[in-house]
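Residue numbering restarts at 1 for every chain, and letters A, B, ... go by the order of the sequence lines.
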Amino acid sequence: MGNVTWTRLAAKSSSQPSNPDAPLPPSCAAAARLRWSLTRQPCLTWSGPSAPLSGWPSNERLQAETLAHLDQLRASRVRIVETGDAERRQLERDLHDGAQQRLLALSYDLRLARAQAQSDDDASSTTSLLTEATGEAQAALSELRTLAHGIYPAILGEAGLAPAVYSLADTTAIPVEIRSMAEGRYPTAVETAAYILVAEGLDNAARRDASHVTVDIVQDGGWLMVMVEDDGSDRTSDLIQLADRVGALDGRLVVESTRLRAALRCA
Amino acid sequence: MRVVVADDVMLTRQGIVHLLTSAGIEVVAEAQDAQGLLHEVRQARPDVALVDIRMPPSHTDEGLVAAQAIRNELPQVGVLVLSEYVEPSYAMRLLREQPERVGYLLKERVFDIATVVDALRRITDGETVIDPTIVSRLVGRRRRNDPIADLSEREREVLGLIAEGMSNRAIAARLFVTERTVEAHVTQIFQKLRLPESADQHRRVLAVLAFLRT
């Protein structure tokens with residue numbers, strides 16, 4: 001399936017299941033509280049002497065430097081995630097424009113050659129060889145397409161989160177109910193994180209023998225809330241890479257036994 | 001039949017042109033991007049424009065945007081969009097934006113040139129064409145309390161053909177039954193799925209696709 005590469009990326013995790021200590025609130029009032037808790041900055045204070053010693057930086061300056069350093073770290077975290085995604089996307093494009101097109105062209109040529117051979121009376125062996133070659137070329141093309149889709153699902157970048165999630169649901173072996181779906185476009189990193197969360201949620205539900213999965217994606221003010229819930233057995237992985245990705249966006253991920261929830265800042 | 005072919009990759013474009021030509025279709029112009037396509041279509045006034053969905057500059061949905069531009073400016077020119085991937089969302093967007101004389105086929109259909117020729121003819125006849133792979137993926141989608149499970153095998157077959165854009169007459173011909181029998185099936189299907197029946201054929205396709213998607 002197309003999402004294999006992504007989910008593998010998301011599912012690489014440590015052995016400890018996470019504790020759902022702070023559930024994401026469902027209501028708008030609660031969402032306001034959530035917003036606060038998500039946007040709260042770490043508070044750093046200077047606990048040394050109150051007056052700056054000569055040659056020492058002032059309390060304010062230290063605090064400002066530390067905060068600036070934190071901002072830099074956060075920015076670099078976002079860059080790392082974004083660079084990785086951009087590279088995947090480029091790789092998918094290279095496959096599409098390069099190898100896939102060559103194979104397609106080869107298939108056209110084979111098809112034409114076969115048609116010509118068929119019109120000759122004495123060319124049955126050539127025809128069967130060419131039929132075989134056409135089949136091989138199409139099989140290679142199809143494999144390459146699946147690989148490219150796994151590296152980066154083109155529909156996500158091209159058409160956005162909603163079509164990409166519907167597409168995931170179409171190809172999932174268990175019934176997926178999309179209860180709510182934010183139809184707009186969001187920053188690439190947000191769409192990618194939401195997509196990977198859903199892909200992982202569906203993939204993982206199937207592995208835990210779920211019979212049904214629900215997906216909710218709603219925008220609440222400046223936040224995109226994503227939830228995937230299933231009726232399978234308890235989850236045993238805690239999705240560290242997915243948590244890193246969400247964290248880099250200043251978002252929040254809650255991993256529960258049969259439910260994944262994230263709040264992603266989208267404005 | 002006269003067609004214009006637009007694809008930014010030369011090898012692919014040549015392949016498509018060769019196959020179309022060998023099937024007796026007249027390729028009157030070629031283009032490698034959406035702008036060139038619009039220019040050629042204005043000049044050549046073909047019956048149908050065959051358009052790759054991904055073209056420069058952004059390689060995303062240029063083909064769909066061009067389809068809309070062509071249909072708005074020259075309503076008598078049909079558009080057949082070719083896509084490398086099975087994406088129902090694109091097919092539905094195409095139908096929502098321009099329900100008539102449009103089609104959406106997988107690129108690999110070009111190998112089966114008879115299918116493409118048939119699609120081109122249907123488009124020039126004013127029909128809609130949706131790739132059977134897309135339809136079967138949507139019909140086969142796993143659902144909870146699946147209303148499609150209530151359909152008989154024949155009704156499911158008819159549902160698929162409706163979603164592919166076929167008229168009752170075309171469905172009758174395909175299944176070797178009378179048009180009246182097809183009409184009866186259609187009424188049954190729409191009742192069972194609780195869909196409003198529409199005399200407008202394009203609206204009917206869109207309604208069925210939207211139903212299958214949710």
Open item on the list: Other residues, nucleotides and ligands only: do more than 12 of their heavy atoms fall within 6.0 Å of CZ on A:R185?
Closed with: yes
Task: Heavy-atom proximity to chain A below 4.5 Å, by part of B:R144 - done: both
TODO: Output the distance between atom CG (B:D61) and atom CD1 (A:I155), rounded to the nearest 0.5 Å.
DONE: 9.5 Å
Task: A:R93 side chain near B:R54 side chain, heavy-atom distance below 4.5 Å - done: yes
- [ ] Rounded to the nearest 0.5 Å, what's the gap from CZ on A:R89 to NE2 on B:H59? Could you check?
- [x] 11.0 Å
TODO: Give the member of A:H96, A:Q100, A:E177, A:R111 that has the highest number of heavy-atom pairs under 4.5 Å with chain B.
DONE: A:H96
Task: Max heavy-atom pair count under 4.5 Å with chain A, selected residue of B:H18, B:Q14, B:R213 - done: B:R213
Task: Side chain, backbone, both or neither of B:E84 within contact of chain A (heavy atoms, under 4.5 Å) - done: both
Open item on the list: Is any side-chain heavy atom of B:R142 closer than 4.5 Å to one of A:S211?
Closed with: no
Task: Residue part contacting chain A, namely of B:S22, when any heavy atom lies under 4.5 Å - done: side chain
TODO: Sort A:L104 into side chain, backbone, both or neither according to what part of it lies under 4.5 angstrom from a heavy atom of chain B.
DONE: both
Task: Engaged part of A:A164 at the chain B interface, taking heavy atoms whose separation is under 4.5 Å - done: neither
TODO: Identify which one of B:I134, B:L138, B:L212, B:V86 satisfies the side-chain contact (heavy atoms from CB on, under 4.5 Å) criterion when paired with A:D170.
DONE: B:L138
Task: More than 12 heavy atoms from other groups under 6.0 Å of CD on A:E183 - done: yes
Open item on the list: Closer than 4.0 angstrom, basic N to acidic O: yes or no for B:R93 and A:E158?
Closed with: no
